[in-house]
Structure formats: structure tokens, C-alpha cells
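The first residue in the sequence is number 1, and the count goes up from there. Values below: all heavy atoms of this structure, side chains included; hydrogens, waters and symmetry mates excluded. We count ligands from 1, going down the list as the structure has it; atoms in each ligand are counted the same way.
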Amino acid sequence: MFLMSRISLRGIFFTLLATLSLLYFMHFYGIIQSERVDIMVDKVSQVKIPWTSGTSIGDSFRNSELTLTNHKRQQAVRNAMQHAWTGYKTHAFGEDELQPISKGGNVRWGDWAISLVDSLDTLKLMEMEEEYLEAKEFVRSMDFGRVTPGYMTQVFEMTIRALGGLLGAYELDEDPMLLKKAREVADILAVAFEGSLVGLPASYVDVNMKKPVPAARVCIAEAGTIQLEFKKLSQLTGDPKYRKIAERASDVLENATKYHSGLYPMYLNTVNGQYDHSASLSMGAGADSFYEYQLKQYILHDKAEEKYKDQYVASVEAVKAKLVAKSDSGLLYLGQWRNNMTVFVREMEHLACFYPGLMALGAQVLDRPQDLMISEELARTCYLSYKTTATGLGPETFSFSEPGQLPPAVDDITDDILPVPAPLGYPKIFQPNKYGITPIDTRYILRPETVESLFILYRVTDDPKYQEWGWDIFNAIEKHTKAEVGYAAYVNVHDVNSNGNWIDSMESFFMAETLKYLYLLFSPTDLISLDEFVLSTEAHPFRIIKNNETVLAD
Ligand code: DMJ
């Protein structure tokens, strides 16, 4: 009897211990989603809808005048573009990127003058006419059929930066030379589909040899981010072949077996067109713009293709159910699933900060006010990832370790909540700040996603706080990344001493996207009206195709 009770007591003790360990493990990895976002749904009825059902984004404009403050801010951004462009022109004209610290250039994209091509439409819409014409003349002289010997061209990057850049400029200028060059680039990149049995592209092409580089897998962003560029090219040239290539790839992505409607594993097998279900599910690198193009394809063809709307609606619902999480400190963020959806990681990439903007656009276009509040909360988190660092720049990746406190209001942010660096020798590990935001990768590489979301949210809601947040970010960029020549990526957003923190790199998306979105944020809302244009993932403005019948009939 005594022995029995000892055994059962020990049994109970170990069972309890095992259960507690399991619970701890599940909580640690976020498997217990006590923080589900469903609680937000109760509040949906309180959302103030900033548009009237059925109206266009343009109808919600209440701010088509340029106030004095906005004019000053807009010009400050234009001056930043002047500084970036002058640096590029003086030290790297015709090369791929300016290296702002060594004051030279690089050809890291195979020598396609990618900063110049990517920036054309920014120069045009900022009315930097002289610079624009000079850049355009350079494009006229370019031979896109050649790259640096031995260089393998990344199809995704060159579609969004080169093809997108040429098409965006053509949309604003209508110079046939730009369209001719766009077609040349598309024909080169379309080689990626040659030899594919299922219709998925290779990630790389050998431009000089005009051959794809075969690979066993491709990520969904690569296969699902050619659609806007290729479809726009078909409409402008009247040649349906580009649209057909893009549609076929979209269909593979949609028809492959998915375990969760609306959620797509990051990799596909290029031979059988099926998903690798052990791949992660996220809104970050490798996936992001695929989700973006579901909605934007629907917008590009003026809401004619219902299937893209359905795909976007399924994905936004799945994202809300499975990827949006709430930290103990009350912030909504986009986490990631790994290992066959068994491990939920409480990390958010800067790249994923485009999603609040996409959700806001979808909320307006599809009249889904229930998405707007979540979009605004996610944008707030992205903004706070900047606001709570010593420099005011946002980290490349951040996670949520929970201090268990409710966040203070944005206005109450003071120095005492800045993150504390770990002891010497571990410079990249930080304690969470009061918001529970812990930087994981402390670089800021001049990325656009947060200001992109602020721009769209401003256009959709007309709430001036988004302009204020964008202005804060712009000032941090000016203060910490502006070099004597151009702007430099930054090593540690928690270190205000720029000495040793500058990286010798100014990516082309800084001029193509970051500065463009900031400029548009302070411009009258009819400059690149979202009723007339849809912005590509690289912020290139494509006119919405209003007369779809002829275009889609081929
Ligand atoms: C850009 O090239 C595009 O926005 C792309 O979709 C992913 N991110 C980079 C800039 O961060």
C-alpha cells in the first residue's frame, strides 16, 4: 500500500513534470497560440471605415492640395534623391550600384546599370528632367544581351528591377525606346522557362549563353512575381506570349496541393510542380511578393479576373488565422511557421512590413473593412521597430521576447525604453525593449517596406499620422545613413555613432522605392493615383488596364 502510493505519487510527479515541460516548450515556440488574433474580430464593428462602399480610392481623397508642410517635406525627399543620384552619377554612372563609402561603383548584377534603370520613373515623377533624360540616353545605348562573363542573372531581381523599371518609365513617358528595351529584357529573362515541363521558371539564367540554369526547386516569390511585369508587357506590345507564361506559372502555384487553403510553402519542386511541405510559411524573403501579386493582378486588369481576388481573399484569411500573432506586449506581428507547421517562430522580417500596406489596399479595393484594423496594427508594429531604436532606423529582423507589459502610446516613447545591448563580445544580442521587440539582425539596408505601407495607409485612410511616422523615418535616414556621397546601409540600428556602422552599399531599391514612397507620401494624392496605377513590388507604376476585353481575349 505504502509502496503503491509512493509509485503513484512518483508517477503523478513525473507526469506533471512532463506536461509542464511540454507546455513550456509549446509556449516557447509559440505553438500555443493563446495570442490568436481572433480577439480583434470583436472590435471590427468599431472600425471607422474611411471610404464609402463601392467608391474608388480616389473618392476618399480629402487631401489633393499640397500644404506648406507637405511641400517642404516633399522637397526634402527630392533633395535626398538629388544627393543619392549625384553620388551615383559622379562615381558609378552606368554601373549597377554606388558604393558610397569607397566612392566607387560595382557590377554585382552583371552590369545592367541596375540603379539607373530602377530609378528612371522616380526621376521622372520627381521632375528631375535633366537627370531623367541623361539616364534614358544611357539606356538607349545599352545592350541587355550581355552581362559580365560568367555571371548568372537572377530572374526575380531583374524582372522586378530591370523589366519593371523600364515599363514604369514607359508608363510615364511613352517613349517607344523604353518599351523596345523592356521587350528585349523580357525575352532574355523568359529563357528561364525554356525546358520546364510544368511551367515554372529557373531562378537563374545564363544571359550570354541564353540558357536557363537548371535547379531542383524555386521559391514562390520567384515563380509568382513576374505576373505584373509580363502581363503589362503583353498589354503594351499586344503580344500575349508574356501573359501566357506568367499565367501558367500562377496556375502551377495555385493548383499544387496545399495543406492549408491560402498558405503556400516557400519552395516548389521544379520537376513535378509540387510544394515542399517541410519548407517554411512566412510573409518574408522568398514568399512576400507572391502574395502581393495575387491582389495586384486583380487590380491590374481592373477587377476582371475573379480568380486572383479569390486567391487573395483565401490568403489574407489564412494569414490572419495562422501568421498574425499578438505579443504579450499587445503588438500584432507576422510570425513564421517552420518544420511542417510544427514550430511557430516569433520573428518578423523588415521585408514583411509591406504586408500592412497590401492589406489596406485589399481592404479598400475589396471593401473589407475587417482587414483595415489589423493592417493598421501591423503597420504600427513596423513603425515601432524603427521608433524604438537608438537611431530611429528599423532592424532587418526582430523577434518578440515578452516582458509582459502593455505598450505605452507612441507619443510616450522615451530613451529609457531603448533596448539594452548584451555584454561586450555579444554585440548583436539585445534585450527586448518595453514593447517586447528584440532586434535579431540589426542592419538597416535602406529597405522600403515600412514606408511603403505608410504610404498606402495614408492614401486609404487619409490619417496624417502616417505622414508623421514617415517623416520620422525619413529624418532617421537623413541623420544616420547620409554619407558624403549617396546613402549607406547601416550595421547596427542601436548605435548612433556612424563610425564603423556604414556598409559600402546603396541598393537600387533605395532610389526606386524608399525615396519614391516617401516623396509620394507628402505629395498631392493625385500624383500616381491608386485609381489609375498599381505599383509593382519594386514600386514601378503600371497603369490599370481598363479595357480588358481585347487584352484578355488572346
Ligand atoms: C525590393 O527589391 C522589392 O520590394 C522586393 O519585392 C523585395 N524587397 C526589396 C527591397 O527590400
Side-chain angles (χ1 to χ4, degrees), residues 84 96-97 108-110 112 114-122 153-168 185 189 201 203 218-230 246 264 266 282-297 300 334 348-359 361 382 385-386 393-398 441 443-456 473 477 481 487-490 493 503 505-518 520 534-542:
D96 283 331
E97 289 172 353
R108 78 177 254 252
W109 299 103
W112 268 13
I114 208 63
S115 291
L116 183 148
V117 176
D118 214 3
S119 302
L120 288 167
D121 51 25
T122 304
T153 295
Q154 233 176 308
V155 177
F156 165 79
E157 295 290 354
M158 292 305 101
T159 300
I160 65 173
R161 301 192 201 209
L163 177 56
L166 294 164
L167 289 171
V185 168
L189 298 175
S203 304
V218 67
C219 63
I220 57 174
E222 291 172 315
T225 319
I226 52 161
Q227 285 69 16
L228 241 57
E229 289 78 1
F230 276 48
Y264 304 72
M266 197 188 290
S282 90
M283 202 41 76
D288 46 6
S289 43
F290 155 70
Y291 291 99
E292 180 180 357
Y293 275 19
Q294 291 178 321
L295 178 66
K296 290 188 172 176
Q297 285 184 81
L300 179 70
L334 286 163
M348 183 161 178
E349 292 170 57
H350 190 291
L351 284 167
C353 284
F354 84 97
Y355 200 73
L358 185 75
M359 259 183 132
L361 187 65
C382 290
S385 78
Y386 282 66
L393 299 169
E396 180 73 354
T397 314
F398 47 97
D441 179 342
R443 291 171 305 150
Y444 172 64
I445 64 164
L446 306 172
R447 284 199 193 277
E449 290 76 18
T450 298
V451 293
E452 170 181 352
S453 282
L454 299 182
F455 158 70
I456 297 174
I473 291 175
I477 290 173
T481 71
Y487 290 78
Y490 208 81
V493 293
I503 305 171
S505 156
M506 185 176 89
E507 287 259 12
S508 72
F509 49 68
F510 180 63
M511 292 192 286
E513 294 193 74
T514 311
L515 292 178
K516 185 188 285 151
Y517 281 125
L518 283 164
L520 291 174
V534 57
L535 289 155
S536 75
T537 191
E538 190 77 0
H540 296 303
F542 295 168

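- Here Tyr487 and Phe510 bring their ring centres to under 6.0 angstrom of each other.
- Taken from CZ in Arg443 to OG in Ser505, the straight-line distance is 9.5 Å, to the nearest 0.5 Å.
- Salt-bridge annotation for Arg161 and Glu513: absent, with no side-chain N of the basic residue lying under 4.0 Å from a carboxylate O of the acidic one.
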Between ligand 1 and the protein, tabulate every N or O atom pair separated by less than 3.5 Å, reporting distance only.
from: ligand 1; atom 1: 2 (O); to: Glu538; atom 2: OE1; distance (Å): 2.6
from: ligand 1; atom 1: 4 (O); to: Glu513; atom 2: OE1; distance (Å): 3.4
from: ligand 1; atom 1: 4 (O); to: Glu513; atom 2: OE2; distance (Å): 3.0
from: ligand 1; atom 1: 4 (O); to: Thr537; atom 2: O; distance (Å): 2.8
from: ligand 1; atom 1: 6 (O); to: Thr537; atom 2: OG1; distance (Å): 2.7
from: ligand 1; atom 1: 8 (N); to: Glu449; atom 2: OE2; distance (Å): 3.1
from: ligand 1; atom 1: 11 (O); to: Arg447; atom 2: NH1; distance (Å): 2.7
from: ligand 1; atom 1: 11 (O); to: Glu449; atom 2: OE2; distance (Å): 2.6

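- Summarising the geometry, atom CZ belonging to Phe290 is positioned 12.0 Å from atom CD1 belonging to Ile226; distances are rounded to the nearest 0.5 Å.
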After noting the C-alpha distance and the side-chain angles of Arg447 and Glu396, does the key distance pass the side-chain contact (heavy atoms from CB on, under 4.5 Å) rule? CA-CA 9 Å; Arg447 284 199 193 277; Glu396 180 73 354; 2.8 Å; yes

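- The aromatic rings of Tyr444 and His350 sit tilted relative to each other, their planes meeting at an angle between 30° and 60°.
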